[in-house]
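Structure, as structure tokens:
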Amino acid sequence: MYKNAGRKIQALAIVIFALGVIATLYWCVELWHAHDEGPFGGSPIPAILAFGILGTAASWAVGLLIHGYGELVDKVSRMADRLPLAPAKPFDEVYAPDTEK
């Protein structure tokens with residue numbers, strides 16, 4: 001579960017982006033059908049285009065942020081794997097109060 005967490009977060013970002021785009025398309029179709037049945041005049045195309053562009057851009061921005069976080073986790077994990085293990089010191093040596101003045 002905790003192996004390759006950065007890659008899993010990056011895959012989750014792609015899934016969230018895809019679901020956001022699918023949801024945006026669904027709501028654009030719903031706007032189109034609601035306009036056909038509603039009493040309002042005018043064309044629904046400007047509203048649908050604005051909603052589609054803004055919804056897709058929001059999905060992209062959220063996906064980008066989550067993907068960037070996954071990239072950071074992946075890079076830090078790789079860096080931690082390359083570092084040598086530090087020798088263990090007793091707690092008293094590490095956190096001893098300074099008695100020298």
Side-chain angles (χ1 to χ4, degrees):
M1 178 175 168
Y2 296 110
K3 299 283 184 185
N4 298 324
R7 298 285 179 183
K8 292 175 185 173
I9 292 171
Q10 291 172 348
L12 177 67
I14 293 169
V15 169
I16 288 174
F17 170 70
L19 289 176
V21 170
I22 290 169
T24 299
L25 291 174
Y26 171 77
W27 285 109
C28 285
V29 171
E30 286 295 319
L31 276 173
W32 184 270
H33 289 301
H35 178 74
D36 287 345
E37 298 168 357
F40 304 109
S43 175
I45 293 176
I48 291 172
L49 284 176
F51 187 79
I53 290 170
L54 291 176
T56 304
S59 297
W60 176 78
V62 169
L64 184 68
L65 290 173
I66 295 172
H67 193 275
Y69 178 71
E71 186 77 20
L72 284 173
V73 169
D74 191 37
K75 299 286 182 177
V76 169
S77 177
R78 287 184 193 179
M79 288 171 40
D81 290 342
R82 292 181 184 170
L83 288 176
L85 294 176
K89 292 183 180 180
F91 184 80
D92 295 338
E93 287 182 28
V94 177
Y95 295 104
D98 291 332
T99 55
E100 298 176 18
K101 291 187 180 183

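Here, residue 1 is the first one in the sequence, and each next residue gets the next number.
Val29 shares a hydrophobic cluster with no other residue; no ILVMFWY side chain has heavy atoms under 4.5 Å from its own. Counting Ile, Leu, Val, Met, Phe, Trp and Tyr side chains that sit under 4.5 Å apart, directly or through other members, Val15 shares a hydrophobic cluster with Leu19. Other members of a hydrophobic cluster containing Leu85 are absent, since no ILVMFWY side chain comes under 4.5 Å of it, directly or through relayed contacts. The hydrophobic cluster analysis finds Met79 isolated: no Ile, Leu, Val, Met, Phe, Trp or Tyr side chain comes under 4.5 Å of it, directly or through other members.
Pairs engaging residues 44-56 under the salt bridge (charged side-chain N to carboxylate O under 4.0 Å, His left out) rule: none recorded [sequence neighbours left out]. Each salt bridge (charged side-chain N to carboxylate O under 4.0 Å, His left out) pair with one or both residues in residues 21-31, not counting sequence neighbours, would appear here, but there are none. Evaluation of the salt bridge (charged side-chain N to carboxylate O under 4.0 Å, His left out) test over residues 59-77, restricted to residues two or more places apart or in two chains, returns Arg7-Asp74, Glu71-Lys75, Asp74-Arg78.
From His33, atom NE2 reaches atom SG of Cys28 across 11.5 Å, with rounding to the nearest 0.5 Å. For the atom pair CD1 of Ile48 and CG of Leu25, the computed distance is 11.5 Å after rounding to the nearest 0.5 Å.
Under a hydrophobic clustering in which Ile, Leu, Val, Met, Phe, Trp and Tyr are joined whenever their side-chain heavy atoms come within less than 4.5 Å, directly or via other members, Tyr26 and Trp32 fall into the same cluster. Under the 4.5 Å side-chain heavy-atom criterion for grouping Ile, Leu, Val, Met, Phe, Trp and Tyr, Leu64 is connected to Val21 within one hydrophobic cluster.
Within the 3.5 Å criterion, the main-chain N or O of Gly70 finds no donor-acceptor partner in the side chain of Lys8.
Residues forming a side-chain contact (heavy atoms from CB on, under 4.5 Å) with Ile16 (at least two apart in sequence, or on another chain): Leu12, Val62, Ile66. By the side-chain contact (heavy atoms from CB on, under 4.5 Å) test, Leu49 pairs with Ile45, sequence neighbours left out.
Of all non-hydrogen atoms in His67 and Ala13, the two that sit nearest each other are N-CB, 3.5 Å.
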Show me, pair by pair, the donor-acceptor contacts under 3.5 angstrom made by side chains of residues 51-61, not counting sequence neighbours?
from	atom 1	to	atom 2	distance (Å)
Thr56	OG1	Gly52	O	2.7
Ser59	OG	Gly55	O	3.0

